[in-house]
Each structure stands twice: as C-alpha cells, then as structure tokens.
Amino acid sequence: MRIPCPCCGLRDRREFTYYGASVFLDRPAPDAGLEAWDEYLHLRDNPAGVTRDLWYHDPCQSWLEVERNTVTHEVLSTRPVVEARA
Amino acid sequence: MADLIATPAVTGLPLAIGRVTLTAFDPGPVTAIAPYPGRDLSAVLRFPAPGEVIEEGARRLIWAGREMAFLTGGPAPDLTGLAAVTDQSDGWVWVTLAGRDATAVLARLCPLDLRASAFPLGTSAKSVLQHLSVLLVRTAEDAFQIAAYRSMAGTLVHDLSAAMQAVAARAAL
C-alpha cells in the first residue's frame with residue numbers, strides 16, 4: 001500500500017502511522033452534552049468501502065486525511081489536516 | 001567560555017565493505033529553521049521547497065520536513081519574529097554512504113524510491129531507515145549523506161554495516 005503525501009509524493013505504508021477515523025477532527029463543543037461526547041470518543045463506523053481516516057507521515061511530520069477503500073485498498077485522495085481544518 | 005572538546009557520535013568508521021564505503025561526515029554547524037505560520041522569509045532567505053537543497057558556496061539549506069529546513073556550513077541569519085531557529089549541531093549524526101552498491105545497500109533498509117528519476121542528484125528526502133527517521137541528501141548518483149538522531153548513531157551504523165555485508169556477500173556468490 002502506498003499513500004501520496006502532499007509534501008513528499010507517493011510513499012510506502014511503512015513511513016506512516018495510522019490513527020483512526022477522521023471524525024476525530026470534529027470535536028464537539030465542551031457543552032455539547034454527554035451523548036455527543038460519548039459518540040465522539042467511542043462510536044465509529046466500520047464501513048466496507050470508502051472511508052476517511054487519519055495517517056501521520058512520520059518523516060515529514062504531516063497529519064493527513066486519507067480517503068481510501070477498505071475493500072479494494074485503493075487510496076482515493078489525501079489532504080493535509082492543516083488544510084482540512086482551515 | 002569553556003573550550004569544549006567535541007567527541008564523535010560514531011565509532012568504527014570509516015568502513016569499507018564490498019563496493020561501498022561508510023564514512024563519518026561533519027556538516028559543521030547545523031541550524032534548524034522552522035518558519036512561523038504565515039510568515040514570509042523571502043526578504044532574508046529563500047526557503048527550500050520539499051526535497052530542495054539550496055547551495056550557496058559552503059552554505060547549504062536542506063529541506064528537512066514540513067516547514068523545516070537545516071542550514072549547514074554557516075551561521076544562521078537573523079530571523080527574529082519570522083521563524084524558530086534552533087542549533088541542531090550536536091543533535092544529529094551524519095554519515096556518507098558511497099560506492100557502486102550504495103543504492104543497493106540503502107534499498108535494503110529504506111522504502112524510498114531510490115531511482116535517480118524519483119530521487120534526483122542534489123535533492124533531499126525524509127524517510128525511514130529500518131526504524132530510524134532519517135534525512136537523506138543525494139550528493140552523487142551513488143552517494144548519500146544520511147542524518148539520524150545522534151542518540152541512534154550506534155543503530156544507524158549497525159544497520160548500515162549489516163546491509164553492506166549482506167550486499168557484499170550476495171555479490172561474492
């Protein structure tokens with residue numbers, strides 16, 4: 001599996017660290033209530049197909065949001081988290 | 001100020017195994033330059049694009065990660081208010097891997113595409129060497145400068161020498 005780093009180009013999976021679903025970026029407001037926080041912390045989808053997750057490119061120190069297909073292992077797109085949050 | 005005695009981070013070099021040599025490399029003072037978000041450094045220096053190495057005489061500005069460059073071979077300019085500037089001279093260990101099989105040795109340890117078309121002469125790349133995070137600079141078709149954290153100097157030389165032995169053993173079959 002290879003992931004295109006927006007900074008470094010196409011790189012081997014060994015250079016990356018997986019974090020989890022990219023919904024982790026959507027942090028609820030402090031007063032959003034127990035249900036919202038419970039969902040944010042603990043509940044994740046487990047799709048067979050297209051998913052978005054967070055990967056860290058260790059060598060260049062970039063957090064990436066990677067859109068990929070868990071069935072075909074195809075990597076569809078990547079973008080830096082700094083842009084995704086801007 | 002006390003005149004401190006510099007001690008090398010690595011021992012046992014130079015090594016020559018098969019058609020590859022591994023030698024210690026002294027880049028001189030190394031300064032990390034990390035621009036503050038949104039700041040333009042162009043009035044003071046040209047910041048390298050990913051993979052770029054800017055050479056001006058003895059001075060080199062090496063791209064060393066996202067929004068990070070290493071300045072070697074000269075003092076850092078005044079970047080007050082523009083960038084975080086830190087002395088990294090004793091934080092990193094540098095070696096040079098060179099020789100006809102240098103690429104073959106590196107390919108055993110590093111997942112980077114080492115073909116000259118993907119990693120051209122005179123450019124830098126951040127990658128991993130086994131489990132070490134390394135900065136690579138290609139200085140010739142078959143020569144690489146490799147920088148790793150100084151605390152990992154022993155591991156760096158051990159991994160490289162093991163791969164050199166393996167490549168030499170295969171060539172001798």
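All chains are named by letter (A, B, ...) in the order of the sequence lines, taking the proteins before the strands, and each is independently numbered beginning at 1. Just so you know, these numbers come straight off a predicted model, no measurement behind them.
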I'd like to know whether [atom1] of [X] has more than 12 heavy-atom contacts from other residues, nucleotides or ligands below 6.0 angstrom.
| X | atom1 | value |
| --- | --- | --- |
| Met152(B) | CE | no |
| Arg44(A) | CZ | yes |
| Leu34(A) | CG | no |
| Leu173(B) | CG | yes |
| Asp45(A) | CG | no |

Closest heavy-atom pair and its distance - Ser62(A), Arg66(B)
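Heavy-atom minimum between the residues: OG-CD, 2.9 Å.
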Shortest non-hydrogen contact from Lys126(B) toward Pro59(A):
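Closest approach of Lys126(B) to Pro59(A), heavy atoms only: NZ-O, 2.9 Å.
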Using non-hydrogen atoms and a 4.5 Å limit, figure out which bit of Cys8(A) sits close to chain B: side chain, backbone, both or neither.
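Looking at Cys8(A), just its side chain touches chain B.
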ILVMFWY cluster, Trp63(B) and Val30(B) together (side-chain gap under 4.5 Å):
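Unlinked, Trp63(B) and Val30(B) end up in two clusters.
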Taking the side chain as every heavy atom from C-beta outward, state whether Ser127(B) and Glu15(A) have any pair of such atoms under 4.5 Å apart.
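The answer is yes; the side chains approach within 4.5 Å.
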Inter-residue atom distance Arg14(A).CZ - Leu112(B).CG, 0.5 Å rounding
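Between atom CZ of Arg14(A) and atom CG of Leu112(B) there are 10.5 Å.
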First locate atom CD of Gln61(A), then atom OG of Ser133(B), and finally report the distance between them rounded to the nearest 0.5 Å.
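One gets 7.0 Å once the value is rounded to the nearest 0.5 Å.
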For Pro50(B), run the side-chain contact (heavy atoms from CB on, under 4.5 Å) check against Cys60(A), Pro6(A), Cys7(A) and tell me which one passes.
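Of the listed residues Cys60(A), Pro6(A), Cys7(A), the side-chain contact (heavy atoms from CB on, under 4.5 Å) partner of Pro50(B) is Cys7(A).
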